[in-house]
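Protein chains get the first letters and strands the later ones, always in sequence-line order, with residue 1 at the start of each.
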Amino acid sequence: MIHRWGSTLIPTTREAPADAESPSHILLSRAGFIRKLGSGIYDYLPLACRTLRKVSQIVREEMDAAGASELLLPAMLPIELYKDTRRDVDYGDLLFKVTDRKGAVSALGPTHEEPITELVKGSIQSYKQLPLSLYQVQTKYRDEARPRSGLLRCREFIMKDAYSFHVSVEGAGGLNEVYDAMYRAYNNVFTRCGLDFTVVEAESGPIGGSASHEFMVNAASGEDTILKCPVSGYAANVEKCEIGERMVEGGAFNGAATGELSEVHTPGLPGIDEVGKFMKVKPDRMLKTIVFRPVESVGGSGGAAAGSGPKWIIAVVRGDHDVNEGKVKTASGWKVELAPEKDARAAGFAIGYVSPKIIAGRTDILMLVDPDAAGGGFWASGADKADHHVKHFNWRREVGAILDDSRYVKLADIRNAIEGDPSPRAAGAKLTTGRGIEVGHIFKLGTKYSDAMGLSVLDDKQQKRSVIMGCYGIGVSRTMAASVEQNHDENGIIWPAAIAPYHVLVTLMKPDDAAHVQAANKLAADLAAAGLDVLIDDRDERPGVKFKDADLIGIPVRLTIGDKALAEGGVEFKARRDTGKGEVVKLGEAADRCAAAMGG
RNA sequence: CGGGGUGUAGCGCAGCUUGGUAGCGCGUUUGGUUCGGGACCAAAAGGUCGGAGGUUCAAAUCCUCUCACCCCGACCA
């Protein structure tokens, strides 16, 4: 493949648009890959289009190898399709909607579980037709509350989504088998794309266990925090990361009092940081008490209103820690939501000033305490009345015997993990943190969609069985941006060869010189014959401009055709990654040299 | 959705406080000199100042409304 700069559209600029902040947004804009058309909506110019095609080609090859078949579903979906799963409600404003001339409403697909389920429902009836894996590469729409960082979070983006269908979880053809195959395929995809990435355990799906993994491109500018155990290799995102065994100083709830409990007037200061400053107490010596309301019991329905279970669930963590709702759910057995302030006040909670003392003498509250908040020593906490806090809080003295009643008080890991926490997989090891950009996510859906939409097959005993599903996504356009976030320098983008728009840039110093042009054409033909994609910079520009642009668009190898090298029958070879001047190689050897440089 | 901010030439910005013929840099076009890391000289093209309404002899500038976009937060398969 040979293209000429002068015949295509690569509008590079010296300055980036004022609204570009992240490296990928700035560089993709400046290098002429993308242009913003509206909030979270971008043109993909020829260079971007080539890179996107290379990424999706790799994705297609790996999906096909994993046994999936490509199809293409509509982007525009009748809103009625969402009736059974209620996702039009769950998605809320995130769902783009359009109205046609008859007034019928359609959604622009944010994912495609519903249409794929609908399709399969109408196409298969027997377990003999399973397992089945289908995928598509398609434009998705999400009306993000706040699009940002260029292609990293936008409203229209390109995604590969795959869905698998099974009669069983275990065994041949079961969900687990395909999930594992997809896991390997994803590793292959991102490895082949030349990206440095981490696979993390993510919030588990309805089946439980490690039923969900995220593929994160490691980049300092990433939105997500990743926690890793350097010893065991365990990695997880903040929502999911477990924390290893923690020692509770002085034994849970039994530390000695540090002094008389005394009340402090803290007017208008509900925040931990503000109160801490005011009372001259560090946040790690304060107790943070959050009030939740149980919504639904795990593994069954029926709310607190139904009678059984606690009416309130309160979570106590150290002031410098954050409560993790998922962990509260696991520890309590209840799906929870932050208690509505009005209701909580009516039930006696001084929101903003709640203390663990509140539980004494009550039987309608389940209290979860994080180990780091259960020790002895000095504690400050709320005073259970507005505008007041207390000092020298002591668990045993203030709360009393109910602490030992497991019906009402539980010690549990209920907070987000942070750097330095003990690893859950290796004794003595400490968790480290890094930043990442989520580019892939695989998870086990179970029967959520098939049950809601009535997708079932007859099994070998002629019994109707809900089809078990898996779901596997890759952000294709996001992967392109993530690669730039990870691979760039002060001069521009540095593409991994596998997803670079071209493999080689032939920079013609004198596009008017017949000998130069001839040498470039011969060279380009050799390169193309070796299977490499070539861009010839045939513009009548000054050398400085050409070199700057070459660095900016980040083609892995630049071959410069100029008088000096040509005089000795050679061409200047320079890898984008290398600093310095480059070296002269013989014209006849340049193609081999370039091909060799594409490995790795 | 809460807080903050910006809309003036393809891009980056000044002008607005104190109303009086719309400017600068980059880029673009033409001519010339240059020619291995974003050249120089000369000339030129290009804007209903986001939109609507109002005040005024006169509005980019003052007032009201509106739209769009950005940042922080909330939210985020």
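Side-chain nitrogen and oxygen atoms of A:Arg153 include none within less than 4.0 Å of the OP1 or OP2 phosphate oxygen of B:rC76. Regarding contacts with the backbone of B:rG38, every side-chain N or O of A:Arg14 stays at 4.0 angstrom or more from both OP1 and OP2. The phosphate of B:rC72 (OP1 or OP2) has a side-chain N or O of A:Arg146 nearer than 4.0 angstrom. A close approach under 4.0 Å does not occur between any side-chain nitrogen or oxygen of A:Lys581 and OP1 or OP2 of B:rG36. Phosphate contact (OP1/OP2 of B:rC70, side-chain N/O of A:Ser39, threshold under 4.0 Å): present.
For B:rC62, the paired base is B:rG54 (Watson-Crick or G-U wobble, both distances below 3.5 Å). The pairing partner recorded for B:rA45 is none, the criterion being a Watson-Crick or G-U wobble arrangement whose two distances lie under 3.5 angstrom.
Toward the 5' end of RNA chain B, the nearer of the two residues A:Glu438 and A:Thr12, judged by each one's closest nucleotide, is A:Thr12.
Of all the heavy atoms in A:Leu134 and A:Val120, the pair that sits closest is CD1-CG2, 4.0 Å.
Using a 4.0 Å heavy-atom distance criterion, A:Arg87 is classed as making no nucleic acid contact.
Comparing the P positions of B:rA42 and B:rG4 gives a spacing of 48 Å, expressed to the nearest Å. Taking the P atom of each, B:rC35 and B:rG25 are spaced 26 Å apart, rounded to whole Å. A gap of 15 Å separates the P atoms of B:rU55 and B:rU64, to the nearest Å.
The pair A:Glu337-A:Arg293 counts as a salt bridge, with a side-chain nitrogen and a carboxylate oxygen less than 4.0 angstrom apart. A salt bridge links A:Glu113 to A:Arg87: one of the charged nitrogens lies within less than 4.0 Å of a carboxylate oxygen.
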Next on the checklist: Using the rule given for ring-ring contact (aromatic ring centres under 6.0 Å, His included), can you reason through A:Phe157 versus A:Tyr44, listing the C-alpha separation, both sets of side-chain angles and the distance that settles it, and then say yes or no?
Outcome noted: CA-CA 10 Å; A:Phe157 56 98; A:Tyr44 300 115; over 10 Å; no
